[in-house]
Amino acid sequence: MAAGGHLRPGSYLGDVSALSLLPSSPHPLLLAGTGSQLLLYEVGAARLVASFRVFDGVRVHGIEPRSGGPGCHSYTLALFGERRVKLFSLGFGVEADGGEARLELEQRLPGFDHWVLDTRFLEVDGLLAIGLSDNSVALWDLSKRALVTRVKSPEKCLLYSMRMWGDSVREFLVASGTILNEILIWKLAPQVLGSSMVCSNEGNTSDVNSPKIMNPDDSQHMAVHLGRLKEHEGSIFRIAWSSDGSKFMSVSDDRSARVWTLSFKSQGFANHTASHDNVEIIPKLTLFGHSARIWDCYVSDSMVITAGEDCTCCIWGMDGKLIKMFKEHIGRGIWRCLFDPSSLLVVTAGFDSAIKVHHLCNSIFHDIVDDKKVSGLNYDSEIFVVSSPSVSGQYGPLDSKSEYVRCLHFAEENVLYVATNNGYLRQAKLSNIEDVRWTKIIQVTEKAPVICMDVLTTYSNLSLNREDIIALGDGRGNVTIVRLTSSSSEPKLDLSFTWSAEKDRQLLGVYWCKALECSHIFTADPRGVLKLWNIRNVLFSSTDIINAPQMFPPVAVFEPSFGARIMCLDASPEEEILIAGDKKGNITAYPFPKILVLHDSGLMQQKMLPCCRFKGAHGISSVTSVHIEDSTSDHIEIHTTGGDGCICFFKYGRIAQKIEFFGMRQVKELGTIQSIYTNLASESQSSSTYAIGFTSADFIIWDLENETKMAQVSCGGWRRPYSYYLGTVPEYQNCFAFVKDHDIHIHRHWAPTHDKKLLAQVLHLQFHGREVHSLCFINPASHSDPENSSDLLIATGCEDGTVRLTGFLTGSSGKWHSSKLLGEHVGGSAVRATCFIPETYTVTYNSCNYSSNGISDGIAVEKDETFLLISVGSKQVLTTWILQPRNAENRQVYSSGLDIDSKQNSRNLENVDSAMSFQWLTTHMPPKLPRNRLKSGHIKQRVEEGNFSVVQPNMDVMDHMENDWRYLSVTAFHLKHPVLRLTVCFVAVACSDATVVLRALLLPSRLWFDVAFLVPHASPVLVLRHIIINASHYKDDAGDRYLIASGSTDGSITFWNLTETIHGFMQLISETQPHMSIDYQKRPRTGRGSQGGRLRWRSLSYASKKRDGDMSSSDGSNPGSLNTAENSSEASGVENTQIVVHEASDSSKTEMPSSTQSCDIPELRPMHSLSGVHQSGVNCLHISFSTPDKSYCIISGGDDQSVQRFNFRVISSEDCLTTPARLNSHDNDTLKILYQHKVASAHSAAVKGIWTDGTWSFSTGLDQRVRCWKMGLAGQFTEYSHAIISVPEPETLDVFHDRAKRKYHIAVAGRGMQMVEFSPPEDD
């Protein structure tokens, strides 16, 4: 609970800067430092035991634990950050791994004059050694709580890193990494009085200087210089010692890691007390493999671990070979890596806030090292090669008589079916890899190869024997069904039969469908025709049929929709629907009546036509799998995977019978996704979802929940025959087989799972991996249950182009509980601004007669409000997300990992509003080759000259390079049409080319329109805000006012009145109704072969002509043509031009103009401008309504470190001297400044974020402070409180005012995100 009148910093969600495991703990306990917080995790249970705030605005850079002894449940922790060191006592209530944790401050060391780089407990001497960045070591007496001494190395230089080793001063060693690319090795020794000795080392190399005894100023200890290493070519970022001190390793800016060994040789001295060891430092290993700087490392006797800026963690053998590399973090890199030899856990953490855990018994590490190198490891993994008996012995190039493998299919982990080009079907028993048993099942045909194969496995109700039903398609167009009973000895052929399904070379696929079991089978030809065959009577015939030809017609023929080969399908007799995906990325829905699969049906062959289709579901890449999800709502969910590396989500309306795209997840680590696998959850384990697919050369199993790689096999890609099989826990049970050089290569990792505990892969929430530029609160009123919801949702946009929805649990816990990836901007373009639209307004303008155009006034407008989230950024990408409440039956889909990043989320959350999420709605972006760019200079020149003619294209300045313009800010509001069943979202975006455009999004048709230019602008606009003034504030009948305020880089603030423009546009929409004739955007572009969402631009006049059948006259007499637009713009005082509509279509091939093309777009001049508000750019701006005097308060912050406040009113035309004809016009509305106030040095650095409600105001800046301002009368405001936050380089701020609890929740984001709480004083 925040103290009244004070700011209380809360939880920080950002990069993890320190990791450490508690020693001597019965179960692994992990300490992590993030921001100013210390987190304690129980690794096995993935449970956050406790969270402590240990510093005030200082980041935790290191953790050094010390055990209290055997049987003791307390630890001493040395925590350091920047120039501070604190000692804490960590204790547990009952058990060291599960009791309540307590952290108490024992000692606070005085601040040092240099940054602390390392600490080390010297147990023997009762000291704490502190390593400082000036290459010195301070010794702190733990019992006397006093500084004993500070020993400076004779090599005076600044350091990037330092690591110390030893339990006493006598064996104490220091390795220092300098900014000069050198490593200095030195130690402490007792001071030698009355003598100065220099010891030579004749055998050393030139890179290792002779150790020398220097005379420091200290009277107790002295520094002994042991060596200087110069092999690195970059700054030394991290050094690690082995546990016995015999070796150490270093990582550098030069992307290399080097391992060194120390050899000690005794050397005598005249004075024995001054003797020291002669040390020989030997370079042992040099490792290259990272593509960027290396941040951290670990070294032991058997392995080396490195982690770097390229987000990869590499495990190396001591022979220098790279054993494994996994890349599961995102963003700017992995800061820390950790290995626990006792539990075989590898822990990594980095910029993305995630803490990821790997177990070396996992299949991803099954080939890491031999068992003899790491004792106790048993990987249960096998890699072997087998050959079909008819193929073995063949070498060299193939000829027409050669036999080779065409198809592979696992039935279980030790049963593999193989089909060849000579028509053979064989079974391989893989129980004993030394003696693989081959069984010839059948030869389908002698003159044609097997083209396709599918296997369906069933279990008999009477026995435990497994039955395999194999469907084979050959080059003659025949389908052969084989039924086998598997036993412990050899498989028994129960039945086989063949029939002709297609002509020669026309049969390309045979498909079982699990919903139909083995009674029906589908076949596919090259033209996209599907046939359904009923084989129940023959398959379960009482008579033995061995290789008998059959003659029966198909039950149904499904006509093609796109003429492309069907690659996958799924059918649901209950829902009476069939979904098929083809080779060109399209999906088609067919009716699938239950009568088709009835047992007694004497139905004749049916011809089924498509009921709906979706072109470009996966762009131009093949659809690889289709799955129909069970649903009890009014629509059916469909999940598909494709060769574009995406998982797409569609819904099929039962009533509308239309396929609609509503979400997508792109797995960047996979080039193509073959299928999605969900394991069956047990009582002790949660269910997980995996993506199975390929990169260009590797087979990969990817955990979608934890963003981790479960298995990786180098196989040469997906084009060669392959098969895979997964067990209940794919981490420990997976098989993969592929064909290479006539042989079948099998990788099998199959460990018993009863003794394997599946560790959680992610302990801490994964957040953005780069800087956050924007955030906005999602109004709790939009939640599914706002009254009972105790969590706050925040939408954030990041430099890497991602948009996330993060949940914060309010109350006593005050913690971040979820972070979901909504999606990514096209091409990964950076997100610069976000805007949430919390409510919808209805247009009211009595003087405007909206035409229903044939639509009855009795049509009810939908009562459900539409909540939108808009994000904009680089490359002029504007993406809109819509809030979609989730039904209870659909929550499993999302909790299965397709949009939640951690298993911990679904287990540990309480009172979380999991029944809501945003889904992608539409994306607007300019063409790749911008043309006819409207420059700010053009606008300014035209305004000065009074010439509003169309600017002609300037061919000399046409930019044929990649579009580098970016959106800097966005604001939006939602208006409901009073007659039509549609709403319009007006979006104002500011671009870096100093243009501001007002656009309109027509819903639900998703059509984009360019409405107006806001001119003039001599410099780019950094921030936009809108104002909607209720009509009740005025006495006229002109309705609501719509205003836009902007802050520019020149320090000015400008206002525009959009009211007439918006009313004119709404009337034009009611007359033309473009949504009735233009198709809309289907799915976003991914940049990986996807052609979804191509843009086509048309004017409203063209749309109207198309709708009316092009029957209008050429003079523009059509009511929806240009004349209508001109009349509308004349009435509003806007330039007479058409409004341009942007249609999203997947079939247009026309060239697109620039998104800010000057022709056809009207221009709107400002109603008021305030120049010189700030000396430089206006970084942030916020507007609130003041109830007492009915004025508006605008507060801004800039690069000049100042905060400026204005109060103003908008005076209507009725209060001005004007003619009666202009009474209902807004042209004479004026803005009147009531008062203003400025605080010149509000922050000690640039102000980046600000918010106000007229009573309190909050701001943040690059000084890493949040300041609270008390807003007084007559425009005065003073600082009331401030707090230091853990977010470095804050970029943005937003505030949610909980009026019921009288609290302000302030969210600040930059490099991470932090919540700050403020409770006003009781007397406020």
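Heavy-atom basis, side chains included; hydrogens, waters and symmetry copies ignored.
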- Message: Using modelled atom types and a 3.5 Å cut-off, is there a donor and acceptor pairing between side-chain atoms of R1041 and backbone atoms of T1059?
- Response: no

- With sequence neighbours left out, write down each residue that passes ring pair (Phe, Tyr, Trp, His ring centres under 6.0 Å) with H974, or none if nothing qualifies. none

- With sequence neighbours excluded, residues passing side-chain contact (heavy atoms from CB on, under 4.5 Å) with C1180: V1247, I1250

- L975 backbone acceptor or donor facing T840 side chain under 3.5 Å: no

- Query: Who pairs with W1056 by side-chain hydrogen bond (donor to acceptor under 3.5 Å, both in side chains), at least two apart in sequence or on another chain?
  - Reply: none

- Minimum heavy-atom distance G1198-N1179, with the two atoms named: C-ND2, 3.5 Å

- Message: According to side-chain contact (heavy atoms from CB on, under 4.5 Å), who are the partners of A1307, at least two apart in sequence or on a separate chain?
- Response: L775, F777, I794, M1315

- Note on the structure: Those residues at least two apart in sequence (or on a different chain) that pass side-chain contact (heavy atoms from CB on, under 4.5 Å) with V877 are H825, S829, K875, T879, T923, M925

- Task: Might you confirm whether atom CD of Q1175 has over 12 heavy atoms from other residues, nucleotides or ligands at distances under 6.0 Å?
- Result: no

- Message: Run the side-chain hydrogen bond (donor to acceptor under 3.5 Å, both in side chains) test against S1281 and tell me which residues pass, sequence neighbours left out.
- Response: none

- Message: How long is the straight-line distance from OH of Y841 back to CG of D1040, given to the nearest 0.5 Å?
- Response: 8.5 Å

- Residues F986, Y1042; criterion ring-ring contact (aromatic ring centres under 6.0 Å, His included); working and verdict: CA-CA 10 Å; F986 288 93; Y1042 310 99; 7.6 Å; no

- Under the side-chain hydrogen bond (donor to acceptor under 3.5 Å, both in side chains) test, which residues partner H1174, sequence neighbours left out? S1196, D1200, S1202

- Task: Return the set of residues passing side-chain hydrogen bond (donor to acceptor under 3.5 Å, both in side chains) with E771 (not counting sequence neighbours), or none when no residue passes.
- Result: R332

- Message: Has R832 got a side-chain atom pairing as donor or acceptor with R966's backbone, closer than 3.5 angstrom?
- Response: no

- Message: Can a donor-acceptor pair be found, under 3.5 Å and without considering hydrogens, that links the side chain of S969 to the backbone of L1024?
- Response: yes

- H924 and its ring pair (Phe, Tyr, Trp, His ring centres under 6.0 Å) partner, picked from W1008, Y967, F1009: W1008

- Task: Working to the nearest 0.5 Å, report the span between OG of S1046 and CG of L1014.
- Result: 8.0 Å

- Task: Provide the full list of ring pair (Phe, Tyr, Trp, His ring centres under 6.0 Å) pairs with a residue in residues 1258-1278, sequence neighbours left out, each pair given once.
- Result: H1237-F1277, F1258-Y1304, F1258-F1318, W1269-F1277

- A833: partners by side-chain contact (heavy atoms from CB on, under 4.5 Å), with sequence neighbours left out: V872, V970

- Item | Residues which pass salt bridge (Lys or Arg N to Asp or Glu O under 4.0 Å) with D1199, listed by chain and number, not counting sequence neighbours | none

- Under 3.5 Å donor-acceptor, S1052 side chain and S1048 backbone: no

- Message: Between D1263 and S1244 (side chain of the first, backbone of the second, donor and acceptor by atom type, cut-off under 3.5 Å), is there such a pair?
- Response: yes

- Note on the structure: Value for CG (L998) from CG (L1164), rounded to nearest 0.5 Å, stands at 8.5 Å

- Task: Go through the structure and list residues passing salt bridge (Lys or Arg N to Asp or Glu O under 4.0 Å) with R1205, not counting sequence neighbours.
- Result: none

